[in-house]
Asker: 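Sharing a structure with you now.
Bear in mind that the values here come from a model prediction, so they are computed numbers and not experimental data. Per chain, numbering begins at 1; letters A, B, ... match sequence-line order.
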Number of protein chains: 2
Amino acid sequence: MADPASPLDALGPALEGRWRTATEFVEAVLKAAILEGRLPGGTALRQEELAERFGVSRMPVREALRQLEAQALVDMVPHRGAVVTEISAADAADTYAIRRALEPAALRLSIPRLAPAQLDTAAEIILAMDAEPEPGRMGLLNRRFHMALYAAAGHRRLLALTAAQLAACDRYLRFHLAAHGREHLSQQDHRAMLAAARAGDAPRAVAVLEAHLDRAAGAIARFFAARGG
Amino acid sequence: MADPASPLDALGPALEGRWRTATEFVEAVLKAAILEGRLPGGTALRQEELAERFGVSRMPVREALRQLEAQALVDMVPHRGAVVTEISAADAADTYAIRRALEPAALRLSIPRLAPAQLDTAAEIILAMDAEPEPGRMGLLNRRFHMALYAAAGHRRLLALTAAQLAACDRYLRFHLAAHGREHLSQQDHRAMLAAARAGDAPRAVAVLEAHLDRAAGAIARFFAARGG
DNA sequence: CATCCGTTGATTGGATCCAATCTTACGCTA
DNA sequence: TAGCGTAAGATTGGATCCAATCAACGGATG
């Protein structure tokens, strides 16, 4: 049965939850596996193999792969199949350039309208991140923190785009954590952003955010430079 | 046969061209129809009806609808079908907020690396826009002009996102044209941006672009305010 | 008369089957 | 032996069929 050592063994458990459709289910599991790095870039995603693993037919798999392609998580070529998008220094720079454009805009729009409850939520997430040992969940918490600060921006599509780019960065976050260890400085930035947001000081919060993103992008660029040669 | 007066009568001709797959074909035709305003917001997109019109089965239609959903051009609800996304003042503001964030970043990255040939291309597009009477093609030319200026930015995904948002704005461009008539001032902005780009003056080009986008967003907001009450 | 509930029709989600395309391997030829 | 053409297998795209879900309507009941 166990085709020996398929890359898809890393798909992980079925992510307990209620799914409206099989397509949503397959998409969610695949997306989590890609973002958390369990399915590395370049992994071929055969429809039939995935269908068998998920216990569904090939059709929901096909639709899920299309959705992931739209999110730039897999590359599809007609009649040749889907492959997990490769990560690279160029792609990391690309993703961070997008975040660097979107997130300051979202933060500027959001800060004047942030409710105290939303700020408290952000503060709780910071504490949860201090206590989180697992890198996989750390990415989720990091996303949640950033989105909590942007949540009041209105502009649903801007927020959706921002969330998608933040998720894409999760694939690089593990490198960041590996390089800096757990005592990375991000939490200082997060606290500074939260403080500025509480004070209603949008320019300062934006400045911290931009430095935060630049630092992260720089760290990942150095990581690739040191590794890839 | 002719179910009398279906909204899908506006789908238009089959956009001569070679398509790798039926899905791509359906997606391209639907996308063009939505962007050019022939399929207004709220139009229900029944899979079977579309399949019959395109002479394919329901499956490529389903995949195309999924792709369009990812581009925020249609809304899909499980078991209830797809509807062309409604346009609104809020959505217009949202889209322009995204452009306002992305395009200055792309322009800043691109200008130092723009080749003379790319600048010449942009200049030609401006002339073509002067001569273009049809609003549908005007949107395409406008997109091409902007993307020509950003083309040297590198960062494929940033450019892809930017192009998608530019396309989304096409749905509002018709209002802009209707309000300002053909002697709209956009062309002055375009010429100023091109001149600044030629001079390598990124800050000035970005300033013109930002004013350009703000003016367009304002015009559309006023249009909705005057109409919707 | 209003409300609740079951039934019916329409529509989509999913499964299975067939066709088209790509990859690979083999054999032939120069 | 290198290169090319062809044939077999694998894999995806598309069509058709069935099942699940939703909306609407009508009747029973308080």
Asker: If you assign Ala82(B) and Arg62(A) each to the DNA chain C nucleotide with the nearest heavy atom, which residue ends up on the more 5' nucleotide?
Answerer: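 First, find each residue's nearest nucleotide; the 5'-ward one identifies Ala82(B).
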
Asker: Going 5' to 3' on DNA chain C, which nucleotide is the first and which the last to come under 4.0 Å of a heavy atom in chain B?
Answerer: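 The protein-touched segment is dT11(C) to dC22(C).
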
Asker: Where do Gln71(A) and Glu27(A) land on the side-chain hydrogen bond (donor to acceptor under 3.5 Å, both in side chains) test, with the steps shown first?
Answerer: CA-CA 11 Å; Gln71(A) 300 168 46; Glu27(A) 181 194 346; 2.9 Å; yes

Asker: Which residue, His79(B) or Pro60(A), contacts DNA chain C at a nucleotide closer to its 5' end, judged by nearest heavy atom?
Answerer: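 Closer to the 5' end of DNA chain C: His79(B).
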
Asker: Any salt bridge linking Glu63(B) with Arg66(A)? Criterion: basic side-chain nitrogen under 4.0 Å from a carboxylate oxygen.
Answerer: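 Salt bridge: yes.
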
Asker: Between dA23(D) and Arg80(B), is there an OP1 or OP2 to side-chain N/O distance shorter than 4.0 Å?
Answerer: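 For dA23(D), OP1 or OP2 has a side-chain N or O of Arg80(B) closer than 4.0 Å.
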
Asker: Using the test side-chain contact (heavy atoms from CB on, under 4.5 Å), find all partners of Met147(B) that sit at least two apart in sequence or belong to another chain.
Answerer: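 Result, side-chain contact (heavy atoms from CB on, under 4.5 Å) vs Met147(B): Tyr150(B), Leu159(B), Thr162(B), Ala163(B), Leu166(B).
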
Asker: Is Arg38(B) salt-bridged to Glu36(B), cutoff N-O under 4.0 Å?
Answerer: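 Counted as a salt bridge, because a side-chain N and a carboxylate O are separated by less than 4.0 Å.
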
Asker: With sequence neighbours excluded, give me every salt bridge (charged side-chain N to carboxylate O under 4.0 Å, His left out) pair touching residues 95-110 of chain A.
Answerer: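 Qualifying pairs, neighbours excluded: Arg99(A)-Glu103(A), Arg100(A)-Glu210(A), Arg100(A)-Asp214(A).
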
